[in-house]
Peer 1: 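Below is a structure I'd like to ask you about.
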Number of protein chains: 4
Amino acid sequence: MPRTPLQFQAVREERRALILQAALRVFAHHGFASATVRQVAQEAGIAQGLLYSYFASKEAVLRAIMEESMRDVLESFTEAHAGTSSEAQLELLLRHSFVLIDQHRDFWRLSYSVRMQPEVLAQLGEAITGWITAITSTLEEHLSALDYADPAIGARMLFAQIDGVAQHYTLDPEGYPLARVLDAMVAQYARRRH
Amino acid sequence: MPRTPLQFQAVREERRALILQAALRVFAHHGFASATVRQVAQEAGIAQGLLYSYFASKEAVLRAIMEESMRDVLESFTEAHAGTSSEAQLELLLRHSFVLIDQHRDFWRLSYSVRMQPEVLAQLGEAITGWITAITSTLEEHLSALDYADPAIGARMLFAQIDGVAQHYTLDPEGYPLARVLDAMVAQYARRRH
Amino acid sequence: MPRTPLQFQAVREERRALILQAALRVFAHHGFASATVRQVAQEAGIAQGLLYSYFASKEAVLRAIMEESMRDVLESFTEAHAGTSSEAQLELLLRHSFVLIDQHRDFWRLSYSVRMQPEVLAQLGEAITGWITAITSTLEEHLSALDYADPAIGARMLFAQIDGVAQHYTLDPEGYPLARVLDAMVAQYARRRH
Amino acid sequence: MPRTPLQFQAVREERRALILQAALRVFAHHGFASATVRQVAQEAGIAQGLLYSYFASKEAVLRAIMEESMRDVLESFTEAHAGTSSEAQLELLLRHSFVLIDQHRDFWRLSYSVRMQPEVLAQLGEAITGWITAITSTLEEHLSALDYADPAIGARMLFAQIDGVAQHYTLDPEGYPLARVLDAMVAQYARRRH
DNA sequence: GATGAATGAGGTTTCATTCAT
DNA sequence: AATGAATGAAACCTCATTCAT
């Protein structure tokens, strides 16, 4: 019996997600420019040609990955910490950030290796800028609620530190003393007495 | 009458430096994998083939850039701040770091886009790891001299923050409030009362 | 509806054979090193890139040609003359050899121009040596059965002569008195009275 | 004190010979097409550019090598055996042939790898054909004097055998039983009773 | 939809030859 | 004359994308 249109759509969406996951793995480990469509298709277990029935181009795959990953991370980052801000909340947010980073390690790898390239950014630039702004704003709100003298600058610093730690950790997941660094960050930002 | 070996050597060194500078610009802005040897040669104002009389491959050019830039930065970073450590010294070191970052902006761009890719790292990995360790050690010594409770972790945090700020600044040199962030960092690390 | 794996395989085998034939022609007439992949692709009527979906490199094409041609020739050479050895058999073998040479003229050309180059031999050396040994052995068995005084040396001489004649004939197929030379060889080796 | 024109010429001729020897070695071992002008210059101990003041092109070097080597070999081959022909003479000629082959091993290598390629032959074809004819004629005269039934065909066979043995020997100088094969050839051609 | 063969533009690299000194 | 840097055409090879089935 033939599948219903609904089933079709479900299959398509599932496969689309499969391709994106495969592409994320491949792009993250080889770099977007060096990775080949063949590798992605192979990792996804489909034929090369089929990929083009889901995405217009290799670059379109990258765009989809970045947009969806950024959306996921941002949602997870903001939703989880809506409501009132307290030092306990900020600590939760910090600790949760690194859970996110761990869960989306490939995304971070890819993101770091991609975001410096204007060519790629041309298509993604706005999305990334907006994403950074949104994260910074969230941090700023928290710091603001905690009576920081200059929450805007504080948010920049905090984000820079999160980003830096995430990057150093991504470079060497085994060797990096993440837990202790995280504790120190919590101590500095979320348990300070002003 | 032919040129003397000395003359030849002088020409070669000049050209070599020229190529490296051109390659750094091109790699930094297009990404190593996307950049073409043609672009590098054009930027350097030479024929494509000549590049291969100076470097064995495109990758060898990258290696030379990274090694020499890392050496430059590290020398500049450590030598300038040898001797006794004081809070004033640490402030100098922080401020000087960002002068370095500004002077080697292309190197940072390239470095950020390259260091996540194992393929590239295979050849460079050790050099980069050593470089990071050296920088972290320098910071640690300073913090240690300033009686930090946990200088090792503090150095990680400080370096992460420098790296993060540098990266965000590199992404948007015009819009980033570098001066104020830097002041805040100085206030936090170099003027604190314990 | 897609082709079945079997259909794909059939197409691939056909194409592979087509490429090998084209490459043999081109390599034989221009020499392996001077021949270009473009020429081979053109001769085969395919795009350059496709060749690399069948063979890993230009050199791999050469290896495939040599291995398959040597196998063909050897099979044809030995199988046809299994069983008892008589002078009539040796005559058949000699005459058949030159039929083989005629049928595989391009292979002989290529073989002669290639087998002196250590670079190429590095990959093929063993195969060629084994091939020569196998041919010499076959000849030796025949001579041995015919009560030659020193069949090993006789085989060397006979093979050298076959090889030499084949080569001179290949150099000038029109002008060479092949039939008469062949008759003389038959007279000398296969109809002698001891 | 400046050199006299005569000294100049002597130097030039010496150097020319030096280049040819170097080129012969390089061409013989890498094949003409694969060998590079740089390799030749290096082997000769001169700068690349200087080679072009002695020869118009890489191909001109090959032509000079081939012409001079063929001339050398032919002279040595014919002059040494002028005069009356006897079986002892033919034996001498055969034995001397292989001394020549040993002395000019690189030339034979090169010659075998080059003579199948029409591109190269276009310039050399006539010279080679003439050379082969001259050798064959010499052999023919000897056989004729020894009352061979068909000296023309006999000469072809003998030359083919010499050529074949030379080639197999060149392929594996260590392992080839040259002395015994040579003895057998002498026995067959130069000591036979009709 | 699904396959993987096929295309062809363009990438890296080599190298005979020329040129400036 | 002599050097070796410099050129640029062309080689081999890769790969995003299209196509026939």
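Below, chains carry the letters A, B, ... as their sequence lines are ordered, and counting in each starts from 1. Computed over heavy atoms, backbone and side chain alike; hydrogens, waters and symmetry mates excluded.
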Peer 1: Would you kindly give the NZ-to-P distance between Lys58(D) and dT17(E), to the nearest whole Å?
Peer 2: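 So the NZ-P distance, Lys58(D) to dT17(E), works out to 8 Å.
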
Peer 1: Here's a test of your reading of the structure: between Tyr52(D) and Ala56(B), which maps to the more 5' nucleotide of DNA chain E?
Peer 2: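 Checking each residue's closest nucleotide, the 5'-ward one belongs to Ala56(B).
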
Peer 1: Starting from P on dG1(E), measure out to CD1 on Ile19(A) and report it in whole angstrom.
Peer 2: 11 Å

Peer 1: Any residue in residues 23-33 of chain A with a heavy atom nearer than 4.0 angstrom to DNA chain E? Just list them by number, or reply none.
Peer 2: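 Close to the strand, none.
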
Peer 1: Mind jotting down which residue pairs meet the salt bridge (Lys or Arg N to Asp or Glu O under 4.0 Å) criterion with at least one end in residues 10-21 of chain D? Sequence neighbours excluded, please.
Peer 2: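 Listed once each, the pairs are Arg16(D)-Glu68(D).
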
Peer 1: According to the salt bridge (Lys or Arg N to Asp or Glu O under 4.0 Å) rule, which pairs have a member within residues 28-43 of chain A, sequence neighbours left out?
Peer 2: Arg25(A)-Glu43(A)

Peer 1: For atom CD of Gln42(B), is the number of surrounding heavy atoms from other residues, nucleotides or ligands below 6.0 Å larger than 12?
Peer 2: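 No - once you tally the heavy atoms of other residues, nucleotides and ligands closer than 6.0 Å, there are 12 at most.
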
Peer 1: Please tabulate, one pair per line, each protein N/O and nucleotide N/O from nucleotides 4-8 of chain E that are separated by under 3.5 Å, including the distance.
Peer 2:
{"unit_1": "dA5(E)", "atom_1": "OP2", "unit_2": "Arg12(C)", "atom_2": "NH1", "d": "2.8"}
{"unit_1": "dA5(E)", "atom_1": "O5'", "unit_2": "Arg12(C)", "atom_2": "NH1", "d": "3.3"}
{"unit_1": "dA6(E)", "atom_1": "OP1", "unit_2": "Arg15(C)", "atom_2": "NE", "d": "2.9"}
{"unit_1": "dA6(E)", "atom_1": "OP1", "unit_2": "Arg15(C)", "atom_2": "NH2", "d": "3.2"}
{"unit_1": "dA6(E)", "atom_1": "OP2", "unit_2": "Tyr54(C)", "atom_2": "OH", "d": "2.6"}
{"unit_1": "dT7(E)", "atom_1": "OP2", "unit_2": "Ala47(C)", "atom_2": "N", "d": "2.9"}

Peer 1: Which residues satisfy the salt bridge (charged side-chain N to carboxylate O under 4.0 Å, His left out) test with Arg115(C), sequence neighbours excluded?
Peer 2: Asp163(C)

Peer 1: Hey, what do you get for CD (Glu67(B)) to CD1 (Ile128(B)), rounding to the nearest 0.5 Å?
Peer 2: 10.0 Å

Peer 1: What closest approach, in Å, do Ala44(D) and Leu18(D) show between heavy atoms, and which atom pair accounts for it?
Peer 2: O-CD2, 3.4 Å

Peer 1: What is the distance, rounded to the nearest whole Å, between atom CD of Glu59(B) and atom P of dG11(E)?
Peer 2: 18 Å

Peer 1: Can you list every ring pair (Phe, Tyr, Trp, His ring centres under 6.0 Å) pair that touches residues 8-35 of chain B, not counting sequence neighbours?
Peer 2: Phe27(B)-Phe32(B)

Peer 1: Without decimals, in angstroms, what is the distance between Gln42(B) CD and dG11(E) C1'?
Peer 2: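 So the two atoms are 15 Å apart, to the nearest Å.
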
Peer 1: My understanding is that only residues two or more places apart in sequence, or in another chain, count here; which of them pass salt bridge (charged side-chain N to carboxylate O under 4.0 Å, His left out) with Arg71(A)?
Peer 2: none

Peer 1: For DNA chain E, report each stem as range with range, ordered by first number, or say none. Use Watson-Crick or G-U wobble pairs under 3.5 Å, at least 3 in a row.
Peer 2: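 Correct response: E:2-21 with F:2-21.
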
Peer 1: Determine the contact category for Ala35(A): base if any of its heavy atoms lies under 4.0 Å from a base atom, sugar-phosphate if only primed atoms, P, OP1 or OP2 are that close, otherwise nothing.
Peer 2: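 Sugar-phosphate only.
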
Peer 1: Please indicate whether Gln7(C) has more than 12 foreign heavy atoms, meaning atoms of other residues, nucleotides or ligands, lying under 6.0 Å from its CD.
Peer 2: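 Counting neighbours around CD of Gln7(C), more than 12 heavy atoms of other residues, nucleotides or ligands fall under 6.0 Å, so yes.
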
Peer 1: Could you walk me through whether Leu24(C) and His104(C) satisfy the side-chain contact (heavy atoms from CB on, under 4.5 Å) test, starting with their C-alpha distance in whole Å, then the side-chain angles of each, then the deciding distance to 0.1 Å, before giving a yes or no?
Peer 2: CA-CA 10 Å; Leu24(C) 176 52; His104(C) 294 78; over 6 Å; no

Peer 1: Cut-off 3.5 Å, no hydrogens considered: what does the side-chain donor-acceptor table look like for residues 49-57 of chain B, sequence neighbours left out?
Peer 2:
{"unit_1": "Ser57(B)", "atom_1": "OG", "unit_2": "Glu59(B)", "atom_2": "N", "d": "3.4"}
{"unit_1": "Ser57(B)", "atom_1": "OG", "unit_2": "Ala60(B)", "atom_2": "N", "d": "3.1"}

Peer 1: Please state how far atom CD in Gln39(B) lies from atom P in dG11(E), giving the value in whole angstrom units.
Peer 2: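 After rounding, the gap between these two atoms is 8 Å.
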
